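What follows is one structure encoded as C-alpha cells, with my remarks underneath.
Values in this document were obtained by computation on a predicted structure and should not be read as measured data. By convention here, the first residue in the shown sequence is residue 1.
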Amino acid sequence: MSAPNPTPLKLSYSTPMSTTPIRNNQASYDAIPSDPEGQQIPNGHRKASKRTKIVLSTALGVIAVAAITVASVYYWTAPAAHPRNVIMMVSDGFGPASETFARQYHAWDNDLDYKSILPLDSIHVGQSRTQSSSSLVTDSAAGATAFSCGLKSYNGAIGVDPEENPCGTVLESAKIHQNMLTGLVVTSRVTHATPAAFSAHVAWRDWENDIALQQIGENPLGRTVDLMFGGGRCQFLTNQSEGGCRLDTRDLLTEAKTTYGWKTVLDTRQAFDALTDESELPLMGLYTPSHMSYNIDRDPAIEPSLAEMSSKALGILSKASKNQGTGFFLLIEGSRIDMAAHTNDPAAHLQEILAYQDTIQVVKDFVDANPGTVVVSTSDHETGGFTLGRQTTPDYPEYKWEPAVIKRVKRSAELLARQLMAQKSFKPDYVKDYIIKDSLGITDATHDEIAYLEKWQENNLTSSNIEEHLSNMVSVRALIGWTTHGHTAVDVNLYAYGPESDKLRGTHENTDIGDFISGYLGLDLAAITDELKRKMSSIASISMKPNIEERYGHSM
C-alpha cells in the first residue's frame, strides 16, 4: 500500500450534511418556512400544526448544527504535511526480459508458485521511452541527464544540454532551493555516468577527474552532495600515490575535508559498519579503486552490498533531514546490472538484479514507514538485447530454458578472465578444472571451448574476448539469448511507490521522470540552470571538444 499522501486532506461525504448554502460564513435560511403559529389555522388542523411545529423545531436544530459543522469544516486546517523525500532508483541496463528472467529464476530456485512476484513487480506502473537527442539508442550519460535535468541530450552528455550548456539538476535544485539533503549510492564508480549526471556538468562522460572535483564541491553552485557511497576511489587520489588514477597531483580526499567541509571519508567495511544514523554529514565512502565487485564475486567482509549502503544512507539522511526540518533526495543505482549485460554474462546479470530487488524491498519498507516519501525506479536503457529462449541448432527449437545451468555458476566471467590472464604459467588442467568445471559448473566443455582459453596468449586474446567466450559457454547451455554487447532502444519498465505515484502510470518519455520529481519537490530547474550559467562563465572541461570518434564511440 502506498504511503499516505501528504497533500492537504479533502473531506467528502457520500450524502450532503446540509443543503443550506454558505455565504460569508453564515447559513442562509431563505428556504425555511415561516412559523405556523403566525398563520390562521383552521381548528381541525391545530393538532397537526403542533406536530409540524415540533418537527420544524427539530429540523431547525439539525440544520443549525449542520451549519456549524460545515462552517468548522470550512475553517478546518490540515495538519502540517510530512517533509517530502524522493528516492530515485536506476537499474542500469535492465530491460523487461531481465525482470522476467529474475522472477522465473527466483520462483524456480525457491520452489514458489508460478504467480509469485518480485518486489519490483508489485510497484510496476508503466514504461519509459529512452532515446537521446543524438540517437535512438541512448547511453547512460544521456539517459541519466534526461532524469536529472528533464531534457534530452546527446550520448556522452553529463548534465549538459545538446549545445553543451550546463543544465541544473533535480539534486542541485533540491539542495539550493529547498535546503534538502542529497545523496548518491551506487555500485559503479561514483564518478560514472549516472551519478555524475545528477552532480556534475561536463561535455563528455569520460572526464571523471573533473567530475570528482565537482562532486566534492569545486562547482559553481558549491558543494551540493551530502553523502556518497560507491566505488571509484582512484579518481580522487593523486597520481603520485598508490592506487591513484588522476592526471594531476591533487589529493581530493584531503581537499574534500580541508576545503569543502566533508566530515568523514571512508574506505573500509569496518568504517562503514561503524556508521550510525547520527553520523555527521557530509560524508563519503569509496570502497574500491574502480567499480565495486559484482555481487556474485563480492566479499562481504570487504564491500557492503547495495542494499546495505542504501539502508545506511536512508537512516543517516532521514535522521539529519528531520533534525533540520526538511526532506532529502537520494539517487540509488544498481550500476553493474548493465556491465554484466555488456559482457552477456547471465549469472552475474542475474545476481545484480536480485541484489537490486533486495534494495527495492529496503526502500519500499522505508516508504511505508515515512509518509511523504516516494520512490521512482526505472532504467536508462536496456543492454544486451537479452531474451529468454535461444535456438542453438538448425532444427526447430524446443520451448524451454535451463536455470540449473545458471545456478551452478560461482564466479563472474570478468573475475575469471582476470584470474586466467594473471597466470604466469598454466598448471595442468587449470582451465578445464578451475575455470570451467569449478567456476562455471560446466562438465561437458568441448575441445574447442577449452583450447580457445588455453591458447589466449598465443591468439592475443583480450580480457573482453575471454569474458565473452566464458559468458557464451553458460548462455548457450541455459538457452539464453543476446543480440548485442551494447545497448538497445526498447522501452524499459517504470516503477513507482508512494504519494502521487499514480501520475507515472502509462508510457512516458524519460524526461517526464525529471519533471515528476521537480513537481513533487517544488523544484525550479529553469532557475537553477540560470544560476549555473551565471556562475559558470567557463569550466575547462566544458570548453574542451572531444573528437567525433571519442564522442560517438562505445559508451556504457
Side-chain angles (χ1 to χ4, degrees), residues 88 140-142 144-145 147-149 153 156-161 164-177 180-186 188-239 244-262 265 281-286 329-331 333 335 525 528-546:
M88 176 69 204
S140 293
T145 297
F147 302 148
S148 66
C149 292
S153 197
I158 296 293
V160 296
D161 66 20
E164 301 183 0
N165 299 307
C167 55
T169 73
V170 291
L171 181 148
E172 292 169 331
S173 181
K175 184 68 176 176
I176 302 298
H177 294 151
M180 299 175 75
L181 296 175
T182 64
L184 308 171
V185 175
V186 300
S188 65
R189 298 186 295 270
V190 295
T191 51
H192 207 239
T194 300
F198 285 82
S199 56
H201 308 276
V202 296
W204 185 240
R205 56 179 292 164
D206 290 342
W207 299 339
E208 294 188 45
N209 280 191
D210 295 328
I211 291 165
L213 279 170
Q214 294 188 42
Q215 288 176 329
I216 66 168
E218 192 164 301
N219 185 306
L221 298 174
R223 180 186 57 77
T224 58
V225 182
D226 295 298
L227 179 148
M228 291 195 295
F229 288 155
R233 189 167 57 245
C234 78
Q235 299 290 337
F236 296 80
L237 295 176
T238 168
N239 61 15
C245 61
R246 294 192 60 76
L247 300 179
D248 56 32
T249 59
R250 298 179 67 172
D251 181 351
L252 299 194
L253 297 185
T254 298
E255 289 186 38
K257 290 187 284 188
T258 59
T259 305
Y260 298 106
W262 290 80
V265 178
L281 296 170
L283 71 86
M284 72 173 83
L286 306 176
F329 172 84
L330 175 63
L331 169 73
E333 184 188 34
S335 318
L525 296 184
I528 199 68
T529 298
D530 288 344
E531 186 171 349
L532 260 174
K533 289 178 179 178
R534 285 196 304 271
K535 294 182 175 180
M536 184 190 271
S537 58
S538 66
I539 280 186
S541 58
I542 289 290
S543 64
M544 296 167 62
K545 305 292 184 180

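Remark: Gln215 CD to Asn219 CG distance equals 10.0 Å, nearest 0.5 Å. Between atom CG of residue Leu330 and atom CZ of residue Phe229 there is a gap of 10.0 Å, rounded to the nearest 0.5 Å. Separating the CG atom in Asn209 from the OG1 atom in Thr191 is a distance of 8.5 Å, to the nearest 0.5 Å. Remark: Asp206 CG to His192 NE2 distance equals 8.0 Å, nearest 0.5 Å. The OG atom of Ser148 sits 9.5 Å away from the CE atom of Met88 when rounded to the nearest 0.5 Å. The structure places CG of Asp248 at 7.0 Å from OG1 of Thr238, a figure rounded to the nearest 0.5 Å.
Looking at Arg534 and Asp530, their side chains come closer than 4.5 Å, going by heavy atoms from C-beta outward. For the pair Ile216/Thr259, no side-chain contact is recorded, criterion being any heavy-atom separation below 4.5 Å from C-beta on. In this structure the side chain of Leu286 never reaches within 4.5 angstrom of the side chain of Gln235, judged on heavy atoms. Within the 4.5 Å cutoff, side-chain heavy atoms of Leu252 are placed close to those of Leu213. For the pair Val265 and Met284, the minimum side-chain heavy-atom distance is below 4.5 Å. Between Leu331 and Leu171 the shortest side-chain heavy-atom distance does not fall below 4.5 Å. Contact of the His201 side chain with the Leu532 side chain is registered, since non-hydrogen atoms from C-beta on lie closer than 4.5 Å. No side-chain heavy atom of Lys175 sits under 4.5 Å from any side-chain heavy atom of Glu172.
Considering all non-hydrogen atoms of both residues, Val186 and Arg189 come closest at CG2-O, 4.1 Å. When all heavy atoms of Ala193 and Ala144 are compared, the pair lying nearest together is O-CB, 4.3 Å. For the residue pair Gly156 and Trp204, the shortest heavy atom distance occurs at CA-CZ3, 3.4 Å. Contact detail for Trp262 and Asp226: the closest heavy-atom pair is CZ3-O, 3.9 Å. Pairing each heavy atom of Thr169 with each of Ala197, the nearest pair is CG2-O, 3.4 Å. The minimum heavy-atom distance between Lys533 and Asn165, with the atom names listed, is CE-CB, 4.1 Å.
Although no hydrogens or angles enter the test, the distance criterion places a donor-acceptor pair under 3.5 Å between the side chain of Thr529 and the main chain of Gly168. Put simply, the side chain of Ser153 gets close to the backbone of Val160: a donor and an acceptor are under 3.5 Å apart.
With respect to Arg205, the side-chain contact (heavy atoms from CB on, under 4.5 Å) criterion is satisfied by exactly one of Thr194, Ile211, Ile158, Thr145: Ile158.
Inspection of the Tyr260 and Glu218 side chains reveals an N or O donor paired with an N or O acceptor under 3.5 Å.
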**Request:** Would you check, one step at a time, whether the test side-chain contact (heavy atoms from CB on, under 4.5 Å) holds for Asp251 with Leu237?
**Result:** CA-CA 5 Å; Asp251 181 351; Leu237 295 176; 4.3 Å; yes
**Asked** When you look at Asn239 and Leu247, which way does the side-chain contact (heavy atoms from CB on, under 4.5 Å) test go after all the steps?
**Response** CA-CA 6 Å; Asn239 61 15; Leu247 300 179; 5.6 Å; no
